[in-house]
Amino acid sequence: MNELQRRMIETGKSILLVFLVLLSIFLTWLLWYQRPPFTAVEKNYTSIPPLGEERKPEQLIAPQVIYFHESGTHRMALPYSHPHRMALEKLSEWKVRNLEAVSWAELDWLGMRRAAGIELEYGFRVPLKELSVIWEGVEAGAGQMEAVTRLWAWSGAEGQIWLYFIDQERRQAARGVVEAEPPEWQMLLQSAAGLPKVHFYPASQAANRLPAAKSPSSGAASPAAASSPDSPPSGVVPAESGKEGEPAPASEGAPEGWYLPAAPLEVAEEVVRLEPITLEMINPYLFVDPSYIREMITRDGVSVYTDGSRSLQVEPSRLRLVYDAPMAFSQASQGNERMGYSGMAVQFVNQHGGWTGDYLIDGYQQFRQEQIRLHFRFYHGPYPVYGTGGTGEDGRLLVSMQPEAQVISLERPLYRLGQRLKRQSRILPAGDVVYQRLLQLQREGVPVRQARVAYRMELAKGQVRLVPGWVLAEPSGAFRWLDAAE
């Protein structure tokens, strides 16, 4: 290669390099100042239709009935009513201090029922750990108690407000001082002025008349009054007795019994439309990808749906589902440490379809040594719903958990109550008639723990009939009905 050819090649390389540099500058200018137009690709996302509502633990860990006592008059507030809700909100806001154990013999039942107070009846043993989530100043194991069946707030002679923790089954009690302003306490008591009156009927027939209440001047003091200088008053004289020291009705001093209405109750019988919940509606809440679900049918006709880690059992004849989700919801984060079983169960239901009606927790059951089952009772208006028998459909919701608060299964109905189709008033018997039936069952050896107005659910084709009546529940969970016609 001669010198001329070599110079031509070098000149060509230089020209090519300059061209590439100029082209790079030109393309950079185009990218910076002349951006090409673009159109965003539209994606249509399918939203999950709402199935139920989210609830807070304090909305479901609530007493079945609240009784207001003042001067020997008792009034009843049912769930989902304004007085019931306001009393629960106010009492749970007030702090409780100086909680101490109290001997069962020191409880002055006559004094508490005759003084101004508010009684919260849960109907079953509620662990204090569950109440500590929603009550200020209440801690698990406080006052050497594990659980309570009722709470009782009442004011003493000097304006001191006490809160008693009572476990009726184990005959244990504790009390503490409530930090509440007297005007707020009085306003809370006055909110019950329009509520229906009830009478207390003792569970034991042996209670006829109690000894006369001792006056302060007689020098005799009850054990409760002598326990401490700040103890609540004992031996409160009935307001209607007219004389100090006159014996009060025996029913007011009995530790166990039932509050029953003074007059017959008018409750509506209703027929409502049954709205089925299809699998297409519930599956997005239970499975990560509903398109990867396999279906199996067992010999007894139960359909089983699974994605390999979770399973869903559906029995069409019962209109219920059982959802098994091992390791689906464990108490791992520090924010869940104080939620308790109830709080974890409520949050689990919130995230898996929500609540398709009004519910209150109705019991904690040690199903097995390694499993705890929470029962949530379905309510229609202010009244609970029961089935025709022990295994009848009643809309209940069950959550099974392990002791470390890990949810492992959920059982819920596959329907909702829809539009009301028919309504008819029924007159339920008053307290005297119900009490005679309770005494009759006692003579027959049948213990009755609760007597409450409830709805009996009767399923028909596409409809639900709700029949009001008195449900008489035993400690075992069995129950029987006292209808309007009896």
Side-chain angles (χ1 to χ4, degrees), residues 63-76 100-123 125 143 145 147-157 160-176 178 189 192 197-216 220-228 231-241 244-260 262 431 435 438-439 442 447-451:
Q64 297 175 354
V65 191
I66 295 181
Y67 301 104
F68 293 82
H69 309 285
E70 190 167 14
S71 302
T73 301
H74 317 296
R75 299 183 182 273
M76 174 179 63
E100 60 180 0
V102 180
S103 171
W104 187 260
E106 294 182 21
L107 294 180
D108 182 13
W109 299 100
L110 175 64
M112 289 193 294
R113 290 198 176 96
R114 291 287 164 170
I118 301 176
E119 180 182 356
L120 292 78
E121 180 180 331
Y122 286 89
R125 297 186 75 240
M145 296 188 64
V148 297
T149 57
R150 66 182 63 196
L151 299 174
W152 203 319
W154 63 307
S155 55
Q160 188 82 281
I161 301 175
W162 298 83
L163 181 64
Y164 275 72
F165 298 76
I166 301 174
D167 186 349
Q168 202 85 27
E169 295 185 11
R170 298 191 178 181
R171 294 184 174 272
Q172 296 178 338
R175 70 182 176 196
V178 179
L189 293 174
K197 292 183 179 181
V198 294
H199 296 318
F200 181 78
Y201 294 81
S204 174
Q205 293 180 268
N208 294 320
R209 297 180 68 85
L210 295 180
K214 298 292 184 179
S215 63
S222 67
S227 60
S228 67
S231 298
S234 176
V236 179
V237 180
E240 67 270 26
S241 65
E244 188 176 16
E246 182 176 333
S251 63
E252 298 294 334
E256 299 180 1
W258 307 276
Y259 291 96
L260 303 175
Y435 187 54
L438 292 171
L439 295 181
Q442 280 191 343
V448 177
R449 183 188 64 182
Q450 285 181 300

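Numbers here are sequence positions counted from 1.
Looking at Tyr259 and Arg113, their side chains do bring a donor and an acceptor atom within 3.5 Å of each other.
A distance-only check finds a donor-acceptor pair linking the side chain of Thr149 to the backbone of Ile166 [under 3.5 Å]. Judged by distance alone, with hydrogens and angles left aside, the side-chain atoms of Glu119 form no donor-acceptor pair with the main-chain N or O of Trp154 at under 3.5 Å.
Taking CD of Gln442 as the reference point, atom OH of Tyr435 lies at 7.0 Å (rounded to 0.5 Å). Rounding to the nearest 0.5 Å places CG of Leu151 at 5.5 Å from CZ of Phe165. Of the inter-residue distances, the one linking Asp167 atom CG with Trp104 atom CH2 reads 7.5 Å to the nearest 0.5 angstrom. Residue Leu163 holds its CG atom at 10.0 Å from CD1 of Ile161, rounded to the nearest 0.5 Å. Expressed to the nearest 0.5 Å, how far NE2 of His74 lies from OH of Tyr67 amounts to 11.0 Å. From Ile66, atom CD1 reaches atom CD of Glu121 across 11.0 Å, with rounding to the nearest 0.5 Å.
Gly123 and Arg449 make their closest contact through O-CZ, 3.4 Å (heavy atoms, listed as atom of the first residue, atom of the second, distance). Ala115 and Ser155 get closest at one heavy-atom pair: CB-O, 4.2 Å. In terms of heavy-atom proximity, Gln168 sits nearest to Glu256 at NE2-CG, 3.1 Å. Taking all atoms of both residues into account, the shortest heavy-atom contact from Val148 to Met145 is CG1-CE, 3.9 Å. Closest heavy-atom contact between Phe68 and Ala192: CG-CB, 3.3 Å. Of all heavy-atom pairs spanning Leu189 and Ala116, the tightest one is CD1-CB, 3.7 Å.
Using a 4.5 Å cut-off on side-chain heavy atoms (C-beta onward), Tyr164 and Leu107 make contact.
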*Decide side-chain contact (heavy atoms from CB on, under 4.5 Å) for Tyr201 and Leu438; before the verdict, give the C-alpha distance in whole Å, the side-chain angles of both, and the deciding distance to 0.1 Å.*
CA-CA 10 Å; Tyr201 294 81; Leu438 292 171; over 6 Å; no

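Not counting sequence neighbours, the partners of Ala147 by the side-chain contact (heavy atoms from CB on, under 4.5 Å) test are Arg125.
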